[in-house]
Amino acid sequence: MGDETLKSQESRLEIIVLAAGQGSRMRSSKPKVLHLLAGRALLDHVFDTARSLNPDAIHVVVGHGAGAVKETLDTGDVSFHHQDQQLGTGHAVGCALPSCHPEATVLVLFGDVPLMSRATLLRLLEQVSQGPAMLAAHLDDPRGYGRVLRDGAGNFSAVVEDGDAGHDQRAIKEINTGVLAARAGLLTDLLNAVNNDNAQGEYYLPDTLALAVEGGTTVSIVVTEDPLEICGINDRGQLEALERALQRRLADALLNAGVALADRQRVDVRGDLQCGSDVEIDVNVVFEGRVVLGDGVRVGPNCLVKDAVIGAGTDIQAFCHIEGASIGTGCRIGPYARLRPGTRLAETARIGNFVETKNAVLGPGSKANHLAYLGDTQIGAKSNVGAGTITCNYDGVDKHPTRLGDGVFVGSNSTLVAPVTVGDHTFVAAGSVVTDDIPEESLAVGRARQRNISGWKPPGRRED
Ligand code: UD1
Ligand code: MG
């Protein structure tokens, strides 16, 4: 290998993500790394961070849940390595290491530690030219973690696992986060020398670091101060606690950015939320996927907003369920409205209580204020859909469109049987069943005539 190739391989970064553990403490049929934190799989968070470092390769070591991981996550750029038996973190790294270039820097991440930050990992990677580097943290309650042992000069000497630690060692508050980086070739040599002579009968990855020191190689310790980024998830209690802590952090960021939250403890962001200025969010609002709220948008209490863009000045009143919708400026939605995917509202449109829309386009100023279903529907400007109007868009096999022009007035309790087109400035009489197209500027009456039967008496008042 020429000098140049060698040099380029030295800057090569390969990331190994360990995710073969069963996660039995979650008591779930789902693999642990697929459980959601802020709306995304734990492993997805780790892949995101890994990708942010622009590595040359991402390896993931998986066990039983491999199929589910492949099916659920976007893993086109990830190579999978199977660890059939979980013999320890050292053994797990050994499953992927033969695929890494010996001169590459290997960074080991855990699939169940979702919030590790790019900045901290960059600090760790800076040390690798000197020798292996490990990430440590100080915890008030270090129980369960491996403790960092330093020599008299304060240099790294070993990690002792909780189960193997003596009384004095258990009192140490500096812990191993599990994240480490080293040259692949060195790590391979060190792993070959690791044995499983310990409390758990496992091949411990951190033992490679002690072996490095014994062989005269310095191990750098990088310390992180952020308590969230080192949190590992083993059970549902820890997942809930990390979710709450992360949501609190996201809420604080929204407040700092000028968003008026009624209660920072009662808003959940499970995805990406962008807010303009003077946005107000009331209690118990959940945002999912990508949501954009324009300037001055108000979201009332108890709403779910998913994958939606909401224009400036729009007022979302209490108890709305909005998904896959694009809402213009100055609209009023709810209370109790359900906007389903494909809903597009132009400026100043109104959707009121108990109205469901799906694949429905409303022009400027159009309204459906009460109790209606608008599916596969296009409505022009300034039309009014009365209470109880239903578009019959589905014949049991296919979906059909309903088209309403501008300035249409649909009387209450009308049924529009699609496919049907209602021309501009038409008026549909209340209670009509509309099966035929209506030309513009006309009145459609599609109902039986009222008959009054004089002298009729109810059964109790008959004389016979
Ligand atoms: C590990 C560290 C400990 C550290 C702690 C930080 C070891 C021996 N101990 O302990 O020093 O303080 O993390 O959270 O490394 N895994 C596999 N295959 C295996 C075993 C584990 O893929 O055979 C994966 C797990 O899925 C998990 C990760 O490795 O993602 C860590 O394993 P875990 O059993 O949780 O290690 P800890 O006991 O927490
Ligand atoms: Mg763990």
Side-chain angles (χ1 to χ4, degrees), residues 15-26 28 30-35 37 41-43 45-47 49-50 59-66 68-69 80-97 107-116 132 134-139 141-149 156 158-165 169-170 172-180 182 187 190-191 194-211 219 221 223-224 227-235 238-239 242:
I15 298 180
I16 300 179
V17 180
L18 301 189
Q22 292 243 28
S24 52
R25 279 175 282 170
M26 295 298 280
S28 167
K30 194 157 69 171
K32 175 166 75 175
V33 290
L34 292 183
H35 283 263
L37 177 77
L42 297 177
L43 192 53
H45 285 277
V46 180
F47 284 157
T49 312
H59 305 270
V60 61
V61 180
V62 284
H64 303 286
V69 169
F80 282 74
H81 305 269
H82 287 264
Q83 187 195 27
D84 296 328
Q85 267 186 300
Q86 276 75 67
L87 300 178
T89 49
H91 179 261
V93 168
C95 294
L97 213 43
L107 171 67
V108 178
L109 302 176
F110 288 173
D112 60 355
V113 180
L115 297 183
M116 190 54 65
M134 59 102 58
L135 184 67
H138 296 270
L139 292 185
D141 179 7
R143 273 177 299 175
Y145 287 93
R147 311 298 203 282
V148 177
L149 308 184
F156 175 89
V159 170
V160 59
E161 291 305 309
D162 193 64
D164 299 290
Q169 291 171 330
R170 287 222 170 108
I172 296 172
K173 295 193 165 176
E174 189 174 27
I175 61 103
N176 170 31
T177 63
V179 175
L180 64 77
L187 198 55
L190 294 168
L191 264 182
V194 169
N195 65 40
N196 63 350
D197 184 12
N198 52 51
Q200 300 186 70
E202 289 187 355
Y203 296 90
Y204 292 163
L205 179 64
D207 282 359
T208 54
L209 302 175
L211 288 168
V219 171
I221 305 180
V223 178
T224 169
L228 293 197
E229 70 174 342
I230 64 149
C231 276
I233 304 301
N234 296 310
D235 58 36
Q238 288 172 329
L239 181 58
L242 188 58

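This structure is a prediction, so every number in the text was calculated from the model and none was measured. Start at 1 and go down the list; that is how both ligands and their atoms are numbered.
For ligand 1, the polar-atom distance check finds an N/O of Leu18 within less than 3.5 Å of one of the ligand's N/O atoms. Distances between N or O atoms of Leu205 and those of ligand 1 include no value under 3.5 Å. Not a single N or O atom of Val61, backbone or side chain, sits closer than 3.5 Å to an N or O atom of ligand 1. For ligand 1, the polar-atom distance check finds an N/O of Thr89 within less than 3.5 Å of one of the ligand's N/O atoms. Among the atoms of Pro206, none of the N or O lies under 3.5 angstrom from an N or O of ligand 1. Distances between N or O atoms of Tyr145 and those of ligand 1 include no value under 3.5 Å.
Within a 6.0 Å radius of CG in Asp141, more than 12 heavy atoms belonging to other residues, nucleotides or ligands are found.
Near Ala19, meaning under 4.0 Å from one of its heavy atoms, ligand 1 places the atoms 22 (O), 26 (O). Within ligand 1, counting atoms from 1 as listed, the ones closer than 4.0 Å to a heavy atom of Thr177 are 6 (C), 14 (O). Residue contact check: Leu87 has heavy atoms under 4.0 Å from atoms 23 (O) of ligand 1.
For the ligand labelled ligand 1, residue Gly232 lies outside the 4.0 Å heavy-atom shell. Gln83 counts as a contact of ligand 1, since one of its heavy atoms falls under 4.0 Å from the ligand. Taking 4.0 Å as the cut-off, Ile175 does not count as a neighbour of ligand 1 on heavy-atom distance.
At a heavy-atom cutoff of 4.0 Å, ligand 1 is contacted by the side chain of Ala92 but not by its backbone. Contacts with ligand 1 closer than 4.0 Å are made by side-chain heavy atoms of Glu161 only, the backbone lying farther away. When non-hydrogen atoms are compared, ligand 1 lies under 4.0 Å from neither the backbone nor the side chain of Ile230.
In terms of heavy-atom proximity, Asp207 sits nearest to Asn195 at OD2-O, 4.4 Å.
Separating the CD1 atom in Ile15 from the CZ atom in Phe47 is a distance of 10.5 Å, to the nearest 0.5 Å. Note that the CG atom of Asp112 and the NZ atom of Lys32 stand 4.0 Å from one another [nearest 0.5 Å].
Judged by distance alone, with hydrogens and angles left aside, the side-chain atoms of Asp162 form no donor-acceptor pair with the main-chain N or O of Arg143 at under 3.5 Å. Of the possible polar contacts, none joining the Thr208 side chain to the Leu190 backbone as a donor-acceptor pair under 3.5 Å is found.
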